[in-house]
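Ligands are counted one by one from 1 in listed order, and the atoms in each one are counted from 1 as well. For this chain, numbers begin at 1 and follow the sequence in order. Since the model is a prediction, treat every value here as computed from it, not as a measurement.
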Amino acid sequence: MHKNDIIIIHGTNYKEMAIQVFEQADVAGEIGDTKKSVALKPNLVVAAHPSGGATTHSELLAGAIEYLQAHGFFHLSIMEGSWVGDVTTSAFSAAGYQEISRKYNVPLIDLQKDSYTSYEAKGMKINLCNKAAAVDYMINMPVLKGHCQTTVTCALKNNKGIIPNAEKRKFHTMGLHKPIAHLNVIAPNDFILVDNICGDLDFEEGGNPVTMNRVLGFKDPVLCDSYVCDCMGYSVDEVPYIRMAEQLGVGSTDTAHANFIYLNEDQAEKGKFKMTRRVQNLARYADPKDACSACYGSLIYALDRLNDTGLLKRGLPLISIGQGYKGQTGEIGVGQCTCGFSRSLKGCPPKAVDIVAFLEENWI
Ligand code: SF4
């Protein structure tokens, strides 16, 4: 896999989707020697079930483990340190990881209880948990979601889970952005499997999940988080730690020259989307007909951006979205399926950042 590759798969069989992303990336080939230790680093910031939009789905861990064990890797572990206000062992239970650990005989490691060592990270001293630093190959498994302080959170910020609690507190007193960027100079990011199944609208702790039903694969954490900005309707410059990490040589923000590898096409959502009241309030501006999850989710994120700037108001025409509009005409639509409409945004699915620009110009 190249550093500018972005692997995308849609669906609801999350375990199988994870396996397919690993196969496409040839992670086993890259690790090489089966004696090497491999760790999975999910996001368990809080003790909460993944359906709430905060934590990594256990099915993705199952997929990663089945893939690795099928390729002869048995020196595996799942490691995480929840945020300061929560206990990692409770988070392991709430997210269903105890069952995964038992089923596959893979230990759970609570990094809140680990010792640590101080490292020089290009002008900043940062303490890193020893067990995380000792791993031969680290698979970062963040959730794509919003964050009340840093706007978005994904690969770069997920590495806050491999530092001790005292260091996490220090990061907050420093305003998060600069230390997160420097942390990623020393944090292992060998492969990144992103849980884009139902990450939260704007809050790290979850509560307003947005169904996207996607899993993504990256080598570059900066490219990953830059793409996350596109997906949630932000510009990279609204999330300072991403550009800082690029300047420190961690990776590239250049999504325009990324190589997108689509393993399948999105499917129209058959059942009703599960929505909290807040997400429903955004969805009332849309008129979906057989919309695919990632398409509809992108529109929800875009509407949230417009809501942030006070641009949503009553009386606006409903935005058509979904495969049910193929071959039809109408006023305004989002996605390739509405290409017969007088105002329509191309893309299948379009990114939230493009939807925001389109709606600002054509709808409000
Ligand atoms: S444009 Fe149509 S087919 Fe493409 S993702 Fe959107 S709803 Fe699905």
So, Thr56 side chain and Asn43 main chain: donor-acceptor pair closer than 3.5 Å or not? yes
Using the six-membered ring of Tyr325, assess whether NZ or CZ of Lys289 lies under 6.0 Å from its centre and within 45 degrees of the ring axis. yes
Point-to-point distance, once rounded to the nearest 0.5 Å, from OH of Tyr14 to CG of Asn196: 10.5 Å
Tyr301 ring center within less than 6.0 Å of Tyr296 ring center: no
Any atoms of ligand 1 less than 4.0 Å from a non-hydrogen atom of Gly347? List them with their elements. 1 (S)
Check: Phe191 ring centre within less than 6.0 Å of Phe22 ring centre: yes
Taking Glu167 first and then Lys160, would you say they form a salt bridge - that is, a charged N and a carboxylate O separated by under 4.0 Å? no
Just the protein N/O/S atoms under 2.8 Å from atom 2 (Fe) of ligand 1, please, no waters. Cys337 SG
